[in-house]
Every structure is written in structure tokens, then in C-alpha cells.
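For reference, the structure discussed in these notes is given below.
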Amino acid sequence: MSSAPVRLSAASLRTTEQPINYFIQQALENPRLISLAAGLVDPLSLPADELAEATAHVLGRSDRARAALQYGTTHGYPPLRDKLLAHVAALDGVTPADLSLMADDVVLTTGSQQLLYLVSELLFDPGDIIITEAPSYFVYQSALNTFGVQTRTVPMDEDGMDTAALAALLARMERDGELSRLKLIYVCDYFQNPTGRTLSLPRRRHLLELAERYSKHQRIFILEDAAYRELRYDGVDVPSVKSLDRDNRHVLLAMTFSKPCAPGLKTGYGVLPRELIAPLLHLKGNHDFGSCNLTQHVLDRLLETGAYARHVEQLRHVYREKRDELLTALDAEFGLARQVGVRWTHPEGGLYVWLMFPPEMRTGPDSPLMRAALREGVLYVPGRFCYVGGNVPDHEARLSFGVVPREQIREAVRRLARAGHESSLRRCKASAPC
Ligand SMILES: Cc1ncc(COP(=O)(O)O)c(C=O)c1O
């Protein structure tokens, strides 16, 4: 038996535990906890009947069943790629031809998470640079660490990434000779995870214009993560950045069935500039030479019958009510706290509300607020998990209304308000006079 040490790769050593494990652990240890932390979807709305019908259809005829149960292609099931291309173009009210797109520009992946990973594997060497929003989707940051990517961040406001700040950052990077290492700008531009904010149309145009203008050493791509796009509850839809990129040169659009349909399907898809397709498929071949073929056949059926579109429509009603319940509860429980600077976002879609306390009210896992929240039986995602680097803001929280039953939302916010009260009282006592 060898006692020689295990020597892991540099990439593995750069990859640490996902912060999300903390929440899973807390929820397991405390069953009476109401979790506003989990990014899961509403369990009662999952389309079980629709998927049962579609699966029965696929498996009900032996030739179709055999095709679906065989290996598929790395690229993805062609009829499904056709439908998805038509689907994303229809969301923008255009045709694929308007955007210089064809079905071969669509790739099926094992969730959009795999697409984010593959794109990173495709573009980055250690030391390369990505620009993200601050705050940003924290699970993606972990993949970026694996590839040794340096992250530069751009602040956000109600209109999403502040593209004036992005312009200033790009000018600075050019001056400092860093532009040749900048490969990608990542935006979650519809009802962002974690803030619920949407990038405004003028900023979408500005973002694309900046990517084009600064593509001096190599092409700077935009990774448009539109995971929540189809979950809009009110307001006016904005065109994707992809739809502004008429020659299909700069924008990689990442979409998923996880949020508008069912995460258990673990199926996502990307629409990419043509030059990236073959190299990305070579990498995907190494991972799995194709995502689950049966699932793709089932999804194809779901789109074909219109069951998918009907489901998304129903889902919008369910989440609109839950979102309203959460906003009403925040008004009721934190309304007065507005006077001391407590604020929150009012998302027009998606699954998240971003709660901002005054800077002295810390929200991190070791904060008095988190300890009080756990005592009260409620959980949120500490905002600081959504930032990179040292000295990050530690007074914000992501609240998700996805998985919590509607009847429990008010109670969850009541518990959070009590926790806030308790922890600020403690802080006052500790630093009296208050
Ligand atoms: C912004 C964003 N992108 C991508 C994903 C990945 O989802 P999936 O791999 O299930 O498509 C998530 C999941 O929560 C997300 O919030």
C-alpha cells in the first residue's frame, strides 16, 4: 500500500467548495428553516403531466424509441436545434436569417452551466481576463477559478451593468496593456441572478459597441446568460444583446430549460458565433460526446405540441404571485426600515430580490444577522458570496421566491425582520449609545 501523497492538478487545486454547499448543509440541519436562499424552482408547477405525455410519445413507437435511446450527436438533436433557433429568434421578434443564424449555430448542453464551463475552457488560459457584473452569478465564478481567470468587475445599478464604468475600465485596461488578455464579458442580463435587475436597451447597445471597439488584439466576446429571460411577469421585454449582434460575431447566448421548464432535465443550449462551434464541440466531445439524447427528443416533442409555451405562460402567473407576495411582505416588514436606508429591488421577472441594508449591517455567514436568521428559522444568500476579491460589500442578501410555498413567504420575511431587529439591537448594545 503506497503512502505517497496525492498530487492534484493545478486546476483542481484552484477549485474550491461551492458556497452553495453551506446552504444545503444549513437546510439539512434545520428542517423548520424556510429557505429564501435556494435557487430551486417552484416544485408544484413542474410539468410532470406534460413530460409524461411527451416521454410516452417518444417511447411509444419502437423506431422513435430506438433513435432516442441510442447515442445522439455531440452537437444535439437536429430537429430540436431547428426549433430552438426559431424559438430564440421569435423571442426577439425576428427570423434566424435576420441574425445570420442557422441551426448549426445552436449547441445542446447539459444545463447552461456546462455551456458556461465549455466557453471558459474554450477561451481562457491562466492569467486571461473576464469582466463580470458586480455582484454576479457565484457558481460561474468557481469555474473561472478553475481556469485561473482573472476577474475584473463593473458595478451595477437599476439598469444593470453600468456600461459607462465598463468603458472607463476598458480604457484603463488598454492603457495598462491588459487588453490582449481580455477574452470575455459576462452578463446575466434578464432579471439577474442575484439582483433581479435587467440590462436596459441603451446599455445593451453600448455593451456591444464597446466589445466591438476594443476587439483590437483579439475578439472580445459577450457571454449573454439569459437563463431567466422567459420568466417575465410585467414590464416590456427588451431585445437580447444577441439580436443586436446582426453578423453573429460577438455574442454567445446561453439559454436553459431549467428555469422555464424543469431543472431535472438538465438541458441548456447556446447560440454561438460560427467560428466557435467546432472547437467547442471538440471540447464537449471530451466531456460527454453529447447531452442526454432521450431528454432532447422529449423536449422536441414538448416544443412541437405547444406544451412548452403553455407551461411557461402558467409559470409566469405562479411566479408573479410569489414575487408580489415577497414584495408586499418586504413592504410590510421592512417599510419603516427604509428610513435607515434598507432597500430592495423590484424585479419584473426571474426568481430573485436583492435586499440591501445599510453598510454597517453585515449579512455574511458569520454575521449577527445570519446567526439571528438561523435562530429565527430563515435563510438567505449572503450578498458577499456574489462578489470576487477582497474587501467586498457585506451588507446585502439574495432572496429567492422560487421554491418557498407562497403561504410561507410572509412568515419567512417576518422572521428575517425579527432577525434584523434582534441583530441591530445587539449591535446597538455592544456599541452603546445607539
Ligand atoms: C444565471 C444562471 N446561469 C446558469 C445557471 C445554470 O443552470 P442550468 O445548468 O441548470 O441550466 C443558473 C442556475 O441557477 C443561473 O442562475
Side-chain angles (χ1 to χ4, degrees), residues 18-21 23-24 35-43 46-47 76 80 84 87-88 106-121 130 132-144 151 156 160-161 184-199 222-232 240-242 251-272 284 287-288 291-292 295-296 299 308 312 315 319 345 347 349-354 381 383 385-388 398-403:
Q18 297 270 1
I20 203 76
N21 294 346
F23 306 109
I24 296 169
S35 180
L36 295 171
L40 304 182
V41 303
D42 183 66
L46 288 167
L80 179 59
L84 292 175
H87 176 63
V88 291
V106 179
V107 179
L108 268 296
T109 52
T110 305
S112 55
Q113 185 66 28
Q114 187 189 44
L115 182 67
L116 303 190
Y117 187 91
L118 286 171
V119 166
S120 313
E121 195 174 21
I130 187 170
T132 68
E133 299 146 326
S136 182
Y137 171 47
F138 53 83
V139 181
Y140 184 38
Q141 189 54 48
S142 172
L144 295 171
T151 304
M156 304 179 79
M161 178 186 266
L184 193 62
I185 302 172
Y186 171 70
V187 285
C188 179
D189 58 345
Y190 292 92
F191 325 117
Q192 191 222 26
N193 180 1
T195 63
R197 291 168 177 149
T198 294
L199 190 65
I222 296 167
L223 177 51
E224 179 177 28
D225 184 342
Y228 299 90
R229 175 169 193 184
E230 289 162 82
L231 299 180
R232 174 176 281 281
S240 62
V241 185
K242 178 88 219 153
V251 182
L252 292 73
L253 175 68
M255 299 283 288
T256 181
F257 283 100
S258 290
K259 311 298 172 177
C261 192
L265 299 165
K266 205 61 209 172
T267 302
Y269 54 102
V271 186
L272 312 181
K284 182 165 163 61
H287 286 252
D288 56 15
S291 297
C292 177
T295 308
Q296 293 178 50
L299 282 168
Y308 174 77
V312 176
L315 207 52
Y319 284 134
T345 55
L351 300 180
Y352 310 106
V353 168
W354 189 240
V381 173
F385 285 170
C386 308
Y387 292 91
V388 286
R398 189 192 79 176
L399 309 181
S400 170
F401 49 89
V403 72

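Just so you know, ligand 1 is whichever comes first in the structure, and atom 1 is the first atom listed for that ligand. Remember, it's a predicted structure, so these values are computed and weren't measured experimentally.
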Please lay out, stage by stage, how Y308 and F257 fare under the test ring-ring contact (aromatic ring centres under 6.0 Å, His included).
-> CA-CA 10 Å; Y308 174 77; F257 283 100; 5.4 Å; yes
Short N or O contacts of ligand 1 with protein, under 3.5 Å, listed by atom name?
residue	atom	partner	partner atom	Å
ligand 1	3 (N)	D225	OD1	3.4
ligand 1	3 (N)	D225	OD2	2.6
ligand 1	9 (O)	S112	N	3.2
ligand 1	9 (O)	Q113	N	2.9
ligand 1	9 (O)	K266	NZ	2.8
ligand 1	10 (O)	S258	OG	2.6
ligand 1	10 (O)	K266	NZ	3.0
ligand 1	11 (O)	S112	N	2.8
ligand 1	11 (O)	S112	OG	2.8
ligand 1	11 (O)	T256	OG1	2.6
ligand 1	11 (O)	S258	OG	3.4
ligand 1	14 (O)	K259	NZ	2.8
ligand 1	16 (O)	N193	ND2	2.8
ligand 1	16 (O)	Y228	OH	2.6

Has the side chain of [X] got a donor or acceptor atom that lies under 3.5 Å from a matching backbone atom of [Y]?
X	Y	result
E224	V241	yes
S400	A38	yes
T198	F191	yes

Between F385 and P135, is any pair of side-chain heavy atoms under 4.5 Å apart?
->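 Answer no - side chains too far apart.
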Mind checking whether W354 and Y387 have parallel, tilted or perpendicular rings, split at 30° and 60°?
->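 It falls in the tilted class, 30° to 60°.
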